[in-house]
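Throughout, a chain's letter reflects where its sequence line sits, starting with A, and its residues are numbered from 1.
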Amino acid sequence: MSRRQPQTDPPNLDAPELRALRRKLLAWYGRNARDLPWRKNRDPYRVWLSEVMLQQTQVEAVRPYFLRFTGELPAVEDLASADESRVLRLWEGLGYYRRARSLHAAAKKIVAEHDGRLPDTLEGLMALPGVGRYTAGAILSIAYDKRAPIVEANTRRLYARLMALEVDPTSTEGERRLWEFAERLLPRSGFSNFSQALMELGSLVCTPKTPRCDACPVAKHCRAYQAGAIESLAPVTRKVKFTDLREAAVVVRKADKVLVRQCGEGERWAGLWDFPRFELEAESPAGAKSEITQKVRELTGVACEPTEKIATLKHGVTRYRITLECYEARHTGGRLRSNKDSPAQWVAPSELADTPLSVTGRKLAGRIGG
DNA sequence: AACACGGGGTT
DNA sequence: AACCCAGTGTT
């Protein structure tokens, strides 16, 4: 036995209390389950897709994307045989684009190695790119109705309160305790509804701020509520410190075409296309212009002369708050450098309709007569 | 254990 | 303006 921190939490819920909790939770879910598109059936492909879309993304943001995606690519074979640009275009605006590329790669693997059937084991699922412990557990329970615990944002908060978890839930120790609790909480059957009920309660009742404990079906079994300690528990998310960044995006025009490049593997928006874009260091307008000429040349080989600033967009990317200065420029020479590592091309603005762009890229495209 | 990765909704 | 979101993968 390894050394363990002294147990500071209240005693664990005992077996009879866990049974009562499960029963009340399921009864509550029966009355309060939302009508969500991925609950129409338990098709593993749809459950998988919904879980990946829902990673770090709220239900209401996912809903329209899920409907459009399943409308166009209704089965894993459709996804596997689709072009990556089409998959990314369907994902455009949802963020965390690696999810879409991993999903696409996993679909190819499922077709090639699993005869088009999603694996139904923890190991098989976690071997797929983009599927970690949570998503594997969610698919096993929700789609296959198998016994599998889950811990994600809703359940992390719910469990932490039910247990009155004193340690930092984001620490390794906190995480271990949460998974342990999730395991003990599992019923004997009905895993599909159970997983969804847990998340639904966390989402609708056991909310981050001012949870609706008066409406909670399991408040009687909640250690934090019983101790009046809901407000004093450690937060379940980490604070992020923002860094301001100033960048430039350049619409280089050559006759009726504009210059775009595909973001590389190591950079943000990998796989998506964008206008040449880089950090801007110069403060003065004149300095900015010469810097733009230089950076566009470094990035694409193209020589250009900035003409005017056409917009300033503010947006956030993970821990950065970015002020994006958008310029127009005219092509003055140079040879376009495009290769496998860094594809670039001249396109008519109308072609951008089928090209996956970042949100800022899309906004800019909308301003140049695309 | 910390960080990168998007974008939008809520408080 | 903070805070938050049905996390995963890399370093």
Original post:
Is the shortest side-chain N/O distance from A:Tyr96 to OP1 or OP2 of B:dA4 below 4.0 Å?
Top reply: no

Original post:
Side chain of A:Arg98, base of C:dT8: donor and acceptor closer than 3.5 Å?
Top reply: yes

Subject >> A:Lys239 or A:Ala136, whichever maps to the more 5' nucleotide of DNA chain C >> reply: A:Lys239

Original post:
Where the side chain of A:Thr318 is concerned, which of C:dG7, B:dT11, B:dC5 is the nearest nucleotide?
Top reply: B:dC5

**OP:** Have a look at A:Ala61 and say if it touches a base, only the backbone sugar-phosphate, or nothing, with a 4.0 Å heavy-atom cut-off.
**Re:** nothing

**OP:** For A:Arg156, answer base if it contacts any base atom (sugar-phosphate contacts may also be present), sugar-phosphate if it contacts only those atoms, and nothing otherwise; contact means non-hydrogen atoms under 4.0 Å.
**Re:** nothing

Original post:
If you measure from the C1' atom in B:dC5 to the same atom in C:dC5, how many Å do you get, rounded?
Top reply: 14 Å

**OP:** Kindly point out which of B:dT11, B:dG7, C:dT8 is positioned nearest to the side chain of A:Val359?
**Re:** B:dG7

Original post:
Quick one: does NZ or CZ of A:Arg133 land under 6.0 Å from the six-membered ring centre of A:Trp179, within 45 degrees of the ring axis?
Top reply: yes

Subject >> d(CZ, A:Arg101; P, B:dC5) in whole Å >> reply: 13 Å

Original post:
A:Pro129 near the nucleic acid: base, sugar-phosphate alone, or nothing, with a heavy-atom cut-off under 4.0 Å?
Top reply: sugar-phosphate

Original post:
Under 4.0 Å: is that the gap between some side-chain N or O of A:Thr237 and OP1 or OP2 of C:dC3?
Top reply: no

**OP:** Take the protein atom CE of A:Met126 and the nucleotide atom C1' of C:dG9, then report the distance between them rounded to whole Å.
**Re:** 11 Å

Subject >> Pair A:Gln55, A:Arg99: side-chain N/O donor-acceptor within cut-off below 3.5 Å >> reply: no

Original post:
So what does A:Ile150 hit on the nucleic acid, given a heavy-atom distance under 4.0 Å: a base, only sugar-phosphate, or nothing?
Top reply: nothing

Original post:
When you compare C:dA6 with B:dT10, how far apart are their P atoms, in angstrom units rounded to a whole number?
Top reply: 12 Å

Original post:
For A:Glu267 and B:dC5, what is the distance between atoms CD and P respectively, to the nearest whole Å?
Top reply: 10 Å

Subject >> Gap between atoms CZ and P, on A:Phe242 and C:dA1 respectively (whole Å) >> reply: 12 Å

Original post:
Considering only B:dG6, C:dG7, C:dA6, which nucleotide approaches the side chain of A:Gln55 most closely?
Top reply: C:dG7

Subject >> Any donor-acceptor N or O pair under 3.5 Å, side chains A:Thr207, A:Arg157 >> reply: no

**OP:** Let me know the distance between CG of A:Leu88 and P of B:dG6, rounded to the nearest Å.
**Re:** 11 Å

**OP:** Have a look at A:Arg39 and say if it touches a base, only the backbone sugar-phosphate, or nothing, with a 4.0 Å heavy-atom cut-off.
**Re:** base

**OP:** Classify the side-chain pair A:Lys257/A:His331 by whether it contains a donor and acceptor separated by less than 3.5 Å.
**Re:** no

Original post:
A:Leu125 has an atom CG; how far is it from atom P of C:dA6, in whole Å?
Top reply: 21 Å

Subject >> C:dC3 OP1/OP2 closer than 4.0 Å to side-chain N/O of A:Arg238 >> reply: no

**OP:** For A:Arg335, look at atom CZ and say whether over 12 heavy atoms of other residues, nucleotides or ligands are found less than 6.0 Å away.
**Re:** no

**OP:** Measure from the side-chain heavy atoms of A:Val317 and tell me the nearest of B:dA4, C:dT8, B:dG6.
**Re:** B:dG6

**OP:** May I ask you to say what A:Val240 touches in the nucleic acid, namely base, sugar-phosphate or nothing, with a heavy-atom cut-off under 4.0 Å?
**Re:** nothing

Original post:
Under 4.0 Å between a side-chain N or O of A:Arg133 and OP1 or OP2 of C:dT8?
Top reply: no

Subject >> Polar side-chain contact A:Thr57-B:dG6 base: donor and acceptor under 3.5 Å >> reply: yes

Subject >> Spacing of A:Glu175 atom CD relative to B:dA2 atom C1', expressed in whole Å >> reply: 14 Å

**OP:** Using only heavy-atom distances, determine whether the side chains of A:Asp168 and A:Thr170 contain a donor-acceptor pair under 3.5 Å.
**Re:** yes

Original post:
With respect to the phosphate group of B:dG7, does any side-chain polar atom (N or O) of A:Trp269 fall under 4.0 Å of OP1 or OP2?
Top reply: yes

Original post:
Taking atom C1' in both B:dG6 and C:dC3, what distance in whole Å separates the two?
Top reply: 16 Å

Original post:
When the distance from CD of A:Gln58 to C1' of C:dC3 is rounded to whole Å, what number comes out?
Top reply: 10 Å

**OP:** Using distance alone, with no hydrogens and no angle criterion, decide if A:Arg319 and A:Thr243 have a side-chain donor and acceptor under 3.5 Å apart.
**Re:** yes

**OP:** Name the nucleic acid region contacted by A:Gly93, choosing base, sugar-phosphate or nothing; use a 4.0 angstrom heavy-atom cut-off, strictly under.
**Re:** sugar-phosphate

**OP:** Flag yes if A:Phe66 and A:Tyr97 sit in one hydrophobic cluster, no otherwise; membership is Ile, Leu, Val, Met, Phe, Trp, Tyr, and two members link when side-chain heavy atoms are under 4.5 Å apart.
**Re:** yes

**OP:** For A:Trp91, report the nucleic acid contact type (base, sugar-phosphate, nothing); a contact means any heavy atom under 4.0 Å.
**Re:** nothing

**OP:** Tell me what A:Thr135 touches on the nucleic acid: a base, only sugar-phosphate, or nothing, going by heavy atoms under 4.0 Å.
**Re:** sugar-phosphate

**OP:** Map A:Lys209 and A:Ala270 onto DNA chain B by nearest heavy atom, then report which one ends up closer to the 5' terminus.
**Re:** A:Ala270

Original post:
Among B:dC5, C:dG7, B:dA4, which is the nearest nucleotide to the side chain of A:Arg268?
Top reply: B:dC5

Original post:
Does A:Arg319 place a side-chain N or O at less than 4.0 Å from the phosphate oxygens OP1/OP2 of B:dA4?
Top reply: yes

